[in-house]
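Report on the structure given below.
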Amino acid sequence: ELKVDMFRVVAIVALVVLTQAKQKKNVLFLVSDDMRAEMGPYGSQHMVTPNFDALANESLVFERAYIAVSLCMPSRQAFLTSRRPDTTKNYVIDVKHEFWRRTDGPNATSLPEYFKNHDYRVWGMGKVFHGDNDLPYSWSAEMGPYYNYDNWSMYGNTITYKCFDVPDDTLGDGMFTTKAVNWINMFAADQQSGQDDRPFFLAVGFHRPHIPYLVPSKYCDMYPNPEDILLAPDPYAPKGMPDVAYSVSKGLTEFQDVNPLFENISQCWTDPKWAYTDRCYMVEGELGLFARNVRRNYWAAISYIDAQVGLLVQALKAANLYDSTIISFNGDHGYQIGDHGAWEKYTNFEHGTRIPWILRDPSQEPGRTSALVESVDIYPTLVDLAGLPSLPQCAVGSMAQVCTEGHSAAPLYSNPKKPWKTAAFSQYARPAPDPDNGFPADIFDPPLHLAGDKEGVMGFTIRTDQYRYTEWVWFDPATATANWTRSWGKELYDHSAQPVPDGNFDNENENIVADPTKAELVKELSQRLHAGWRQALPPSL
């Protein structure tokens with residue numbers, strides 16, 4: 001009888017193991033537009049983000065994650081295809097000419113499409129891709145029409161910020177949450193009843209904290225009155241910065257509620273001698289108060305998204321799906337809110353390129369890592385955590401259907417201090433189609449290279465463990481070719497004194513590239529920049 005009981009135990013254990021092996025994890029993929037890593041898990045003690053805090057405590061928090069381009073469309077195209085801009089040829093917001101589905105040659109398989117091809121039920125809403133919802137490729141046919149909405153369109157560019165005394169789901173991101181909760185409940189019922197037992201991949205793209213900063217009032221009330229909001233630690237352009245690196249913040253300053261506050265806004269956009277003064281810096285008087293209001297509403301918008309994330313996590317728990325669902329949250333690029341005199345994205349600075357990436361795998365122990373990771377790593381990491389076939393590394397310039405120009409970060413779960421990438425790579429083009437947010441080409445000596453009506457100067461930047469190094473050089477966007485000998489400026493910033501992560505965003509305040517004592521360092525970093533990302537992969541590769 002004992003032998004029979006043991007046989008039953010072994011059989012039951014084998015059945016459980018077999019069932020678990022067959023049961024793939026669900027994925028909740030969350031993206032937030034223009035959200036930099038300014039929240040509790042990243043050391044920002046002034047922020048009210050209890051749900052991000054709770055999620056981070058059960059996740060792997062990537063303290064130093066960097067995007068490919070500090071601009072919505074090319075950044076999203078990079079992490080949703082795991083290809084870098086010089087492969088996709090997407091450098092700016094140009095859906096007609098630079099969306100990879102519309103270019104010649106093979107089409108790279110997108111992140112959600114890969115899961116769909118591996119028998120996942122793949123549904124999405126909101127701003128996941130930019131400018132094209134990627135139907136029918138990325139989403140399951142039974143999902144129906146793609147759902148996306150944002151209230152900002154009713155205001156145009158009339159208001160930069162506003163607090164509304166309304167429930168969360170009156171605004172677009174709250175609507176997404178309500179809809180996503182309903183979908184989660186539907187997925188759970190179908191899985192439990194056997195009506196559709198496929199795992200799901202649910203993508204939700206939040207619009208906030210993108211400008212305009214429209215937020216329910218209760219989140220504004222979480223922060224001090226505008227008069228008491230602190231300005232950026234260094235609200236002026238970095239000392240020694242080349243003019244080509246600067247963002248004139250045209251996207252924000254064109255709004256009708258801020259534009260009249262400037263003495264002559266057009267000179268802020270076109271004349272460096274004018275731009276680098278209090279006539280354009282939003283520090284003093286009415287401009288300073290406006291800046292404080294914008295910073296307050298930007299923070300409130302992050303708290304608003306924090307609440308939506310909390311509701312989605314709560315829905316997973318209520319539906320008994322929390323322990324079988326991977327949760328990934330990331331911003332699409334970094335952001336400036338008055339830092340270095342800049343607003344929004346459009347730069348190669350640390351503020352413009354660093355993002356939050358919080359990744360919960362229910363089968364892994366939580367932790368934190370300061371390893372350098374890149375947004376092109378998100379796709380292969382989720383694939384590996386879900387137990388799907390790993391992506392091979394792409395051949396040079398390949399848009400083959402399935403490959404990666406990143407690397408799975410899954411090994412950092414078991415060893416967060418594991419030797420990893422020696423650098424993260426980003427880039428930003430100037431001049432580019434409006435809004436470029438850089439100074440006009442003809443103010444430079446020599447004038448910035450123009451490739452027809454396309455971007456002709458590229459700022460290539462690497463972030464190493466201690467430094468950020470950037471070169472702004474002649475560029476041919478058609479062939480993704482740089483001429484490193486034709487330069488409009490170089491930058492070197494030392495991060496050795498900053499905490500990791502830097503929750504106060506107080507860094508890169510002085511360009512030290514001209515320091516004679518740094519000459520050998522500049523030579524070394526220049527060689528590493530030119531060598532490219534393939535020479536910076538983890539040591540095991």
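As the structure is a prediction and not an experimental result, all values here were calculated from the model.
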Any chance you could lay out the salt bridge (Lys or Arg N to Asp or Glu O under 4.0 Å) test for K116 and E142, step after step, and finish with the verdict?
CA-CA 12 Å; K116 186 178 78 169; E142 70 270 16; over 6 Å; no
Side-chain heavy-atom pair E350, Y493 within 4.5 angstrom cut-off:
no
Report the distance from atom CE of M143 to atom OH of Y146, rounding to the nearest 0.5 Å.
6.5 Å
Within the side chain of N151, is there an N or O that forms a donor-acceptor pair under 3.5 Å with the backbone of T170?
yes
On a heavy-atom basis, which atom in P362 and which in T325 lie closest, and how many Å separate them?
CD-O, 3.4 Å
For Y161, which of Y155, W299, F255, F290 qualifies under ring-ring contact (aromatic ring centres under 6.0 Å, His included)?
F290
Are D361 and K25 packed together at the side-chain level, in the sense that at least one heavy-atom pair is separated by less than 4.5 angstrom?
yes
How many angstroms lie between CD1 in I159 and CG in L214, if you round to the nearest 0.5 Å?
5.0 Å
Classify the side-chain pair D465/H495 by whether it contains a donor and acceptor separated by less than 3.5 Å.
no
Heavy-atom distance under 4.5 Å between the side chains of Y42 and I358, does that happen here?
yes
Is it the case that over 12 heavy atoms from other parts of the model lie below 6.0 angstrom from the CG atom of D228?
yes
Judged by atom type as modelled, is there a donor-acceptor pair below 3.5 Å linking the side chain of N51 to the main-chain atoms of D306?
yes
Quick check with a 6.0 Å cut-off and a 45 degree axis cone: is K89 positioned over the face of Y91's six-membered ring?
no
Just by distance, with hydrogens left out, do D257 and T160 show a side-chain donor and acceptor under 3.5 Å apart?
yes
Pairing donors with acceptors under 3.5 angstrom, does anything connect the side chains of S303 and Y223?
yes
Show, in sequence, the C-alpha distance, side-chain angles and deciding distance for S249 and E344, and conclude whether the side-chain contact (heavy atoms from CB on, under 4.5 Å) test is met.
CA-CA 7 Å; S249 307; E344 301 186 88; 5.9 Å; no
Heavy-atom distance under 4.5 Å between the side chains of T177 and F206, does that happen here?
yes
Compute both the distance and the angle, then confirm whether R468 meets the cation-pi test with F349: under 6.0 Å from the six-membered ring centre, within 45 degrees of the axis.
no
Verify side-chain hydrogen bond (donor to acceptor under 3.5 Å, both in side chains) between D165 and S217, making sure each step is shown before the conclusion.
CA-CA 5 Å; D165 188 15; S217 295; 4.9 Å; no
Test item: Q308 side-chain N/O and M175 main-chain N/O as donor-acceptor pair under 3.5 Å
no
Which residues pass the salt bridge (Lys or Arg N to Asp or Glu O under 4.0 Å) test with E374, not counting sequence neighbours?
R84, K421
OG of S75 to CD1 of I355, rounded to nearest 0.5 Å, is 6.5 Å
Distance alone, cut at 3.5 Å: any donor-acceptor contact between the side chains of Q45 and N504?
no
side-chain contact (heavy atoms from CB on, under 4.5 Å) for L382 and I326? Distances and angles first, verdict last.
CA-CA 8 Å; L382 290 177; I326 296 166; 3.9 Å; yes
Please check if the side chain of D196 supplies one atom and the backbone of Q191 the other of a donor-acceptor pair under 3.5 Å.
no
Any donor-acceptor pair under 3.5 Å linking the side-chain atoms of E58 with those of Y322?
yes
Do side-chain atoms of D377 reach the backbone of S408 as a donor and acceptor pair under 3.5 angstrom?
no
Would you call D332 and R36 a salt bridge, using N to O less than 4.0 angstrom?
no
Would you find a donor on one side and an acceptor on the other, under 3.5 Å apart, between the side chain of N225 and the backbone of E227?
no
Can a salt bridge be assigned to the pair D323 and R360 using a cut-off of 4.0 Å between side-chain N and carboxylate O?
yes
Under-4.0 Å salt bridge between R295 and E38
no
Verify whether one side chain among H351 and E508 offers a donor that lies under 3.5 Å from an acceptor in the other.
no
Note: D190-R121 ion pair, threshold 4.0 Å (strictly below)
yes
Please check: side-chain N/O of R368 versus main-chain N/O of L60, any donor-acceptor pairing under 3.5 Å?
no
Validation row: V258, F262 side chains within 4.5 angstrom (heavy atoms)
yes
Mind telling me whether Y335 and H333 have parallel, tilted or perpendicular rings, with 30° and 60° as the class edges?
parallel
Residues S328 and W357: side-chain donor-acceptor under 3.5 angstrom
yes
Value rounded to 0.5 Å, distance of OH in Y66 from OG in S426:
8.5 Å
I'd like to check I378 versus N330 (side-chain heavy atoms, cut-off strictly below 4.5 Å). Are they in contact?
yes
Is it true that the side chains of T347 and Q336 contain a donor and an acceptor less than 3.5 Å apart?
yes
H210 backbone acceptor or donor facing D33 side chain under 3.5 Å
no
With distance as the sole test, does K345 use its side chain to make a donor-acceptor pair with the main-chain N or O of C72 at under 3.5 Å?
no
With the side chain counted from C-beta on, respond yes when R64 and P501 share a heavy-atom pair under 4.5 Å apart, and no when they do not.
no
Which residues share a side chain to side chain contact (heavy atoms under 4.5 Å, CB included) with P416, sequence neighbours left out
T369
Would you say that T381 contacts L385 through its side chain, given a criterion of any heavy-atom pair below 4.5 Å between the two side chains?
yes
Closer than 3.5 angstrom, by distance alone: can the side chain of T253 be matched with the main-chain N or O of N259 as a donor-acceptor pair?
no
Going by atom types only, do N293 and Y213 share a side-chain donor-acceptor pair under 3.5 Å?
no
Going through the distances and angles, do Q256 and N157 end up as a side-chain hydrogen bond (donor to acceptor under 3.5 Å, both in side chains)?
CA-CA 6 Å; Q256 294 174 23; N157 71 339; 3.2 Å; yes
Could you check whether S375 and R76, counting side-chain N and O atoms only, form a donor-acceptor pair closer than 3.5 Å?
no
In terms of heavy-atom contacts, V92 and E98 come closest through N-OE1, 3.3 Å
When you compare the side chains of Q192 and D197, does any donor N or O come within less than 3.5 Å of an acceptor on the partner?
no
Could you tell me which residues satisfy side chain to side chain contact (heavy atoms under 4.5 Å, CB included) with N509, sequence neighbours excluded, listed by chain and number?
D234, H340, D506
Locate the shortest heavy-atom distance separating Q77 from T81; write the atom from each residue and the value.
O-OG1, 2.6 Å
Straight-line distance of M222 CE to Y304 OH, nearest 0.5 Å
12.5 Å
Is the shortest side-chain N to carboxylate O distance from K127 to D150 below 4.0 Å?
no
Applying ring-ring contact (aromatic ring centres under 6.0 Å, His included), run through W139 and W123 and close with a yes or a no.
CA-CA 6 Å; W139 314 108; W123 293 37; over 10 Å; no
In Å, rounded to the nearest 0.5 Å, how long is the span from CD1 of I305 to CZ of F329?
7.5 Å
Going by atom types only, do S138 and S110 share a side-chain donor-acceptor pair under 3.5 Å?
yes
